[in-house]
J.: 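This is the structure I want to talk about, given as structure tokens.
For ligands, and for the atoms within them, numbers begin at 1 and follow the listed sequence.
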Amino acid sequence: MLDEAALGRNLALIDRVRRESGAEIIVALKACAMWSIFPELAGHSDGATASSLSEARLVFEEYGAPAHTYAPAYSDSEFEGIVGYSSHITFNSVGQFDRFGARALLRGISCGLRINPGYSPVETDLYNPALPGSRLGVPELAALPAGVEGLHFHVLCESGAEHLARALEAVEKRFSHLLSRESGLKWLNCGGGHLMTREGYDVELLIETIKNFRSRYPHLRVILEPGSAFTWRTGYLVSRVEDVVESDGIRTAMLDVSFACHMPDCLEMPYKPAIVGAHDTQPGEKGYRMGGSSCLAGDWMGGRNADGDFGYTKDDGSDWGVGDRVVFEDMIHYTMVKTTMFNGVKHPSIAIWSADETANPRLRIVREFGYEDYKNRMS
Ligand SMILES: Cc1ncc(COP(=O)(O)O)c(C=O)c1O
């Protein structure tokens, strides 16, 4: 369930950064492709970025503008389509530009190359594109190949403004010869991972960092393509307790949603999601694990680390039981886009909680899923 008012607050902040920094901020579809909100996103961004043919087409059809597209490797079968839906295409290697660049240039598309500055503040290897041997971006480049007028780097993930400052320093250290007006460069895309809507993010430093960089390279368009920042903390996954089981003294509330199918980042990252009204149990306090509805043995969340299970009591002092609601926080970005129908489990409906307090009904169901959606993916 997307909370429209929370989205509005994020968009207002993003607008301010666009206005005050002079950067173009485009929305990364990979984080949230809920296209019923694209009209709203389009009103508060400078475009959208796609990482595949399908995303580029969705940008073109529903966002209403051609996409900035980047994918680690384009294929013959998809490239023609991508050209039709894109205004900017970034290539991951000189080899890919040599293979496909001419086709893009002939259609007037602005071409870029992804560079790897060899710096990233990201501590989880799974999300770090700058590790030694990384396949993402060229680690060195003597000169821009003829036809390339943009550079792109992506090294941040839920990062702060100070990390963008360091990333830009690393880019200048390795690639300064490509940034000058004489090099022919027209734009620098600083990727995603700028979590400017997170509480405590230093928005002033972000604005100053970009303004400072732009003052040194006034001929460059500076582009940021965050995904998470747009839909950070804008919605919930609402589930229900279907059973409570106990084994070896551990109590598990069995839910009608699954971590493996509906919140895969919780297991992948891993991180323990926040539940409205629940707290981390203290030593000696008996809480609950939350059990997912798939058959995967590890499809549960709770005190995997030192942080305890979910502690909870209702206002009347009673325990969690069948029929009670369990509401997971911050389940829009990188959650909806990653869901699967593993085990054929029921897919959650998509809904919007209107910002208009007088709306009737306030909750609008955008989409419900059924057997046909599952069946159509399988044969
Ligand atoms: C190339 C690229 N651009 C943009 C993004 C969006 O990043 P975020 O959602 O963390 O802002 C990603 C995320 O993986 C990415 O790989």
J.: Is it the case that the ring center of W187 lies less than 6.0 angstrom away from the ring center of H88?
T.: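 Yes, the ring of H88 comes within the 6.0 Å limit of the ring of W187, centre to centre.
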J.: Do NZ/NE/NH1/NH2 and the carboxylate oxygens of D76 and R99 come within less than 4.0 Å?
T.: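 Yes, D76 and R99 are salt-bridged.
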J.: Identify, with sequence neighbours excluded, every residue that meets salt bridge (Lys or Arg N to Asp or Glu O under 4.0 Å) alongside D280.
T.: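 Only K272 meet the salt bridge (Lys or Arg N to Asp or Glu O under 4.0 Å) criterion with D280.
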J.: Can you pull out every salt bridge (charged side-chain N to carboxylate O under 4.0 Å, His left out) where at least one residue sits in residues 146-167? Sequence neighbours excluded, please.
T.: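 Passing the test, one end in residues 146-167: E149-K186.
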J.: Check each N or O atom of ligand 1 against all protein N or O atoms and list the pairs under 3.5 Å, with atom names and distances to 0.1 Å, one per line.
T.:
{"from": "ligand 1", "atom 1": "3 (N)", "to": "E225", "atom 2": "OE2", "distance (Å)": "2.7"}
{"from": "ligand 1", "atom 1": "7 (O)", "to": "G193", "atom 2": "N", "distance (Å)": "3.4"}
{"from": "ligand 1", "atom 1": "7 (O)", "to": "Y334", "atom 2": "OH", "distance (Å)": "3.4"}
{"from": "ligand 1", "atom 1": "9 (O)", "to": "G227", "atom 2": "N", "distance (Å)": "3.2"}
{"from": "ligand 1", "atom 1": "9 (O)", "to": "S228", "atom 2": "N", "distance (Å)": "2.9"}
{"from": "ligand 1", "atom 1": "9 (O)", "to": "S228", "atom 2": "OG", "distance (Å)": "3.3"}
{"from": "ligand 1", "atom 1": "9 (O)", "to": "Y334", "atom 2": "OH", "distance (Å)": "2.6"}
{"from": "ligand 1", "atom 1": "10 (O)", "to": "G193", "atom 2": "N", "distance (Å)": "3.4"}
{"from": "ligand 1", "atom 1": "11 (O)", "to": "G193", "atom 2": "N", "distance (Å)": "2.7"}
{"from": "ligand 1", "atom 1": "11 (O)", "to": "G227", "atom 2": "N", "distance (Å)": "2.8"}
{"from": "ligand 1", "atom 1": "16 (O)", "to": "K30", "atom 2": "NZ", "distance (Å)": "3.2"}
{"from": "ligand 1", "atom 1": "16 (O)", "to": "H154", "atom 2": "NE2", "distance (Å)": "3.4"}

J.: Would you mind telling me which of F369, F342, Y374 makes a ring-ring contact (aromatic ring centres under 6.0 Å, His included) with H347?
T.: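 Running ring-ring contact (aromatic ring centres under 6.0 Å, His included) over F369, F342, Y374 with H347 returns exactly one hit, F369.
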J.: Not counting sequence neighbours, which residues clear salt bridge (Lys or Arg N to Asp or Glu O under 4.0 Å) with R174? List them please.
T.: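 Listed in chain order: nothing, the list is empty.
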